[in-house]
**Q** 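What follows is a single structure, and I will ask about it in a moment.
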Amino acid sequence: MARAEVGDEQRFQDPTVNALQERVAELLGHEAALFLPTGTMCNQIAIRLHIGPHGDEIILHRRSHPIIAEAGGPAAHAGAMLSPLDGEGGMFTPQQVEEAIRPAGDRYSPRSRLVCVEQTTNMGGGRVWPLEQMHGVLEVAGRHGLRTHLDGARLMNAVVASGVSAADYGRGFDTAWIDFSKGLGGPMGACLAGSAELIAEAWRLKQMMGGALRQGGIVAAAGIYALDNNVERLAEDHANARLLAEGLAEIAGVEIDPSTVETNIVIFGVADAPELSRRLEERGVDISPLGAAQMRAVTHHDVDRAAIETALGAFRDLLAA
Ligand SMILES: Cc1ncc(COP(=O)(O)O)c(C=O)c1O
């Protein structure tokens, strides 16, 4: 990062940002890409790109990031209606999408306009959408003239877990993005990919939302480093998540099916999640409560096997007590 060659990113003059954008466009099977400060901004700009006049509708999972963690952005930035779907593991089926799409030409209902998919599913527990199921959703959306968006905050985890390439996941969507600040270990930043035309418009929205940067190459360099060095090692995070899940399954008072842990997220049930989270924190184990009776643990490159053993030891002690 200290050695990064930089320039004015707003004027397309930062060579490191430009290099990262080209790399991500190719990685995701798209024409162009845009470096943004956060993944949330990727989602918000994409939603704004795809939702035309206010009132159009987005079909997405009920526990997807734009619904639960973007401060109402779809309504604020795009005036979007939301059509939330339920489904195990944060996923839904092509049939559910078919049923959610409003009748064409109906002047009473909102107009279905966009389908969003999360790969992997965050609140679904890091599950990997099977390619075939994803293609089924894309087929239905395409047949009805809907746009499609892939939230790839943890796409590289899916790539490593499944062996399917990022381009095979990303190519069929109108827009797709990856985050550098999660398992990939970067300090910040994400990249949104799409057609040259969509990305040109995304640039305008980036400016509008105050996301345009100056010497962004300093952080883009970390994104390039992450793609070079931190992708394959995601397999370690997945192994550590499984180790955690299997260990937790043996502790009385924890409810978990370790076979559902496919990547780096472990969601499990306990009697009093906020209290347990506080007690764990006192012992240096940082795991957030997810409501009253669930917790969500995420493994990443600052968590090694020994840390998993430490966490399991703390769970054993606290739950036995
Ligand atoms: C699925 C998903 N989408 C989007 C985001 C937002 O990414 P960022 O934290 O870079 O804004 C997150 C962050 O946790 C996420 O899990």
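Values reported hereafter were calculated over all heavy atoms of this structure, with side chains retained and with hydrogens, waters and symmetry mates removed. Here the structure is a predicted model, which is why all the values come from computation and not from measurement. In each ligand, atom 1 is the first atom listed, and ligand 1 is the first ligand listed.
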**Q** Looking just at side-chain N and O atoms, do H301 and E236 make a donor-acceptor pair shorter than 3.5 Å?
**A**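 No.
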
**Q** Between H149 and H50, how do the two ring planes meet: parallel, tilted or perpendicular, split at 30° and 60°?
**A**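 Rings of H149 and H50: tilted, as their planes differ by 30° to 60°.
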
**Q** Under the salt bridge (charged side-chain N to carboxylate O under 4.0 Å, His left out) test, which residues partner E197, sequence neighbours left out?
**A**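 Partners of E197 under the salt bridge (charged side-chain N to carboxylate O under 4.0 Å, His left out) test: none.
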
**Q** Please tabulate, for side-chain N and O atoms in residues 305-321, each donor-acceptor pair with protein atoms closer than 3.5 Å (sequence neighbours left out).
**A**
residue: T310; atom: OG1; partner: A306; partner atom: O; Å: 3.0
residue: D317; atom: OD2; partner: R283; partner atom: NH1; Å: 3.1
residue: D317; atom: OD2; partner: R283; partner atom: NH2; Å: 2.9

**Q** Please find out if less than 6.0 Å separates the ring center of F35 from that of W177.
**A**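 For F35 and W177, the ring centres are not under 6.0 Å apart.
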
**Q** Give the other cluster members for Y108, using side-chain heavy-atom distances under 4.5 Å between Ile, Leu, Val, Met, Phe, Trp and Tyr residues; answer none if it is isolated.
**A**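 Traced through the cluster, Y108 reaches no other member.
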
**Q** I'd like a table of the close N/O pairs between ligand 1 and the protein (anything under 3.5 Å), one pair per line with both atom names and the distance.
**A**
residue: ligand 1; atom: 3 (N); partner: D151; partner atom: OD1; Å: 3.2
residue: ligand 1; atom: 3 (N); partner: D151; partner atom: OD2; Å: 2.6
residue: ligand 1; atom: 7 (O); partner: D179; partner atom: OD2; Å: 3.1
residue: ligand 1; atom: 7 (O); partner: K182; partner atom: NZ; Å: 3.3
residue: ligand 1; atom: 9 (O); partner: K182; partner atom: NZ; Å: 3.0
residue: ligand 1; atom: 10 (O); partner: G39; partner atom: N; Å: 2.8
residue: ligand 1; atom: 10 (O); partner: D179; partner atom: OD1; Å: 3.4
residue: ligand 1; atom: 10 (O); partner: D179; partner atom: OD2; Å: 2.7
residue: ligand 1; atom: 11 (O); partner: G39; partner atom: N; Å: 3.3
residue: ligand 1; atom: 11 (O); partner: T40; partner atom: N; Å: 2.9
residue: ligand 1; atom: 11 (O); partner: T40; partner atom: OG1; Å: 2.7
residue: ligand 1; atom: 14 (O); partner: K182; partner atom: NZ; Å: 3.4
residue: ligand 1; atom: 16 (O); partner: N122; partner atom: ND2; Å: 2.8
residue: ligand 1; atom: 16 (O); partner: R154; partner atom: NH1; Å: 2.8
residue: ligand 1; atom: 16 (O); partner: R154; partner atom: NH2; Å: 3.4

